[in-house]
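Remarks on the structure that follows.
All values below come from the heavy atoms of this structure, side chains included, with hydrogens, waters and symmetry mates left out. Predicted model only: the values in this text are computed from it and were never measured. Counting convention: from 1, in listed order, for ligands and their atoms alike. Throughout, residue positions are numbered sequentially from 1 according to the sequence presented.
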Amino acid sequence: MNKLVINVGNKKSKIDKDIYGHFSEHLGRCIYEGLYVGEDSKIPNKNGMRTDVVEALKELKIPQLRWPGGCFADEYHWKDGIGPKENRKRMINTHWGGVVEDNSFGTHEFLELCEQVDCEPYIAGNLGSGTVQEMSEWVEYMTFEGVSPMADLRTKNGKNDPWKVRLFGVGNENWGCGGNMTPEYYANEYRRYQTYCRNYGGNKLFKVACGPNSDDYNWCDTVMRIAHPYMDGLSLHYYTIEKTWEDKGSATEFDIEGWYKTLKHTLFMEELVTRHSEIMDRYDPKKRIALAVDEWGCWHNVEPGTNPGFLYQQNTMRDALVAGINLNIFNKHSDRVRIANIAQLVNVLQSVILTEGEKMLLTPTYHVFNMYKCHQDATLVDSFVEVNEIGVDEIKVQNLHESASIDENGNLNITINNLSATDAYDITSTILDMKVTSVKGEILTNKMNAHNTFDNPNVVQTEVFTDFKITEKGVDFTIPPCSVIHLTVK
Ligand code: AHR
């Protein structure tokens, strides 16, 4: 029996809905084919955006979507992607597969996609190979209302009113693909570039600086020391890899060791956000600056026979657990983690949607995001679950992982993961400061390698969960192996 204690009276931070963000890069079949098929496509679309994908994304209540990269962002020159499509420059996407990028999806298309999906845009500016002027003019183009060279150009391109753009990243991975900079050099460049990213009219930018790669605590400390007064957010990138960067491991063909290794590697996120937050606290004790985990998720080997530069991978129950664990971690650290973006939205890395021609499927990760959307903008409450150590050989993880929040209607939402691939656990809960009158549940569970395919798209899907008992103290239930449960308690 594992005890779960939730103290509803002990309210903590607000879980910013921006923790539930996504990421779409000009990479492989994410933008082209996955999101954008063009107006002339036989696949049903509205102004080129796939209707099936847009509808599925609306259901997730995505708060914000990051674009155009990734590494692509620091090679992207936004003026190549505006104006009549036939005049747009064609270029080679050197980072991702060496394919031709025809720039038919640019600023107007992305901002229209956000409108269709009903989410906010999160733009990543080019600091690595672009100029200060170029970045400054992009902000002016998107957000200035009135007479100005960029506003006039926007009007000429068919958009009179400016867009609202709040989230703006000043560079991406500038310690690597974004220029191989030292933290000192980047921090000074950040100060300069961000100066010219203006707030026009009522549009107030939320500027995100490039933060550390995984456990690079020196990068975090240096950038905070030099540039913290000028930023609203600092990014953190960490990918879950089963094996090594050279051979990451298959997305679907893994054994029990691969299961536990992956979960152990993803639990490292807890240490990362804790330690980076501690560093940020030294410069920003009031936690004004958000830690933006704007790239996270599983990175597996590409599916056999696909372009290695396209990063197309399948998605199993293991990915579902990775999603559930990370989202619980972000919820629990929501005093500091206020933005996060899983990589990436469609057909790339840990996607919520995969497409093949006109077919589309929802991955196990999609279902986890759908179950967890109840936490968006809710208030984190104190929760604790008693855990046992499980695993194989020296690869050990905790068996259970949870978070809980209370929404504006007073509903308590509990999301709990069973990390065991083989064992179920009985959970007895004590819910303090709340009299339980009703419970509704949903569950995602299957074998560890289970995944959805285009021939069999509903192998892994959410089901109603009724196997619980309301008690004097709370609710008791048995959590099956390899599962994610969401309970709504009233
Ligand atoms: O998401 C794929 C790549 O991973 C991004 O382009 C880059 O920022 C990171 O290294």
Side-chain angles (χ1 to χ4, degrees), residues 21-32 34-35 64-76 91-99 101 105 110 122-130 167-181 186 190 208-216 219 223 233-242 244-246 248 251 265-266 269 272 291-303 306-315 319 322-323 326 339-354 363 365:
H22 291 257
F23 172 35
S24 54
E25 180 166 9
H26 286 241
L27 196 178
R29 297 185 302 112
C30 181
I31 299 288
Y32 301 109
L35 292 161
Q64 45 90 6
L65 179 60
R66 184 168 179 254
W67 174 83
C71 295
F72 184 81
D74 280 285
E75 276 199 25
Y76 183 60
M91 63 187 268
I92 300 296
N93 189 334
T94 45
H95 271 293
W96 305 119
V99 292
E101 163 65 58
F105 188 93
F110 174 66
Y122 175 7
I123 303 281
N126 177 350
L127 180 143
S129 72
L167 300 168
F168 194 86
V170 183
N172 169 75
E173 296 197 353
N174 304 93
W175 35 260
C177 64
N180 288 309
M181 299 173 188
Y186 170 74
Y190 172 83
V208 181
C210 168
N213 176 22
S214 182
D215 58 356
D216 187 346
W219 180 282
V223 174
L234 181 74
S235 70
L236 163 66
H237 288 184
Y238 174 64
Y239 283 96
T240 299
I241 288 168
E242 180 200 323
T244 63
W245 277 103
E246 291 68 42
K248 299 173 198 74
H265 294 165
T266 221
M269 184 66 92
L272 288 176
L291 183 58
V293 191
D294 58 17
E295 286 188 34
W296 68 273
C298 281
W299 196 320
H300 306 301
N301 288 341
V302 297
E303 287 306 299
T306 64
N307 187 328
F310 279 16
L311 310 187
Y312 176 73
Q313 63 190 40
Q314 252 295 356
N315 197 296
D319 297 82
V322 164
N326 279 284
I339 295 176
N341 300 72
I342 188 170
Q344 297 194 7
L345 193 58
V346 189
N347 292 333
V348 171
L349 299 178
Q350 194 179 342
S351 305
V352 291
I353 289 176
L354 301 177
T363 67
T365 301

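Pairing each heavy atom of T363 with each of L354, the nearest pair is CG2-CG, 3.8 Å. Smallest separation of non-hydrogen atoms from E303 and A251: OE2-CB, 3.7 Å. Scanning both residues, Q314 and H300, for their nearest heavy atoms gives O-CD2, 4.2 Å.
Shown here are the salt bridge (Lys or Arg N to Asp or Glu O under 4.0 Å) partners of E101, two or more places apart in sequence or in another chain: there are none. Under the salt bridge (Lys or Arg N to Asp or Glu O under 4.0 Å) criterion, E242 pairs with R318, sequence neighbours left out. In this structure D294 satisfies the salt bridge (Lys or Arg N to Asp or Glu O under 4.0 Å) test together with R66, sequence neighbours excluded.
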Which protein N or O atoms sit under 3.5 Å from any N or O of ligand 1? Give atom names and distances.
| unit_1 | atom_1 | unit_2 | atom_2 | d |
| --- | --- | --- | --- | --- |
| ligand 1 | 1 (O) | Y239 | OH | 2.8 |
| ligand 1 | 1 (O) | Q344 | NE2 | 3.0 |
| ligand 1 | 4 (O) | Y239 | OH | 3.4 |
| ligand 1 | 4 (O) | E295 | OE1 | 3.2 |
| ligand 1 | 6 (O) | E25 | OE1 | 2.7 |
| ligand 1 | 6 (O) | E25 | OE2 | 3.1 |
| ligand 1 | 6 (O) | C71 | N | 2.8 |
| ligand 1 | 8 (O) | N172 | ND2 | 3.1 |
| ligand 1 | 8 (O) | E173 | OE1 | 3.4 |
| ligand 1 | 8 (O) | E173 | OE2 | 3.3 |
| ligand 1 | 8 (O) | E295 | OE1 | 3.1 |
| ligand 1 | 8 (O) | E295 | OE2 | 2.7 |
| ligand 1 | 10 (O) | E173 | OE1 | 2.7 |
| ligand 1 | 10 (O) | E173 | OE2 | 3.2 |

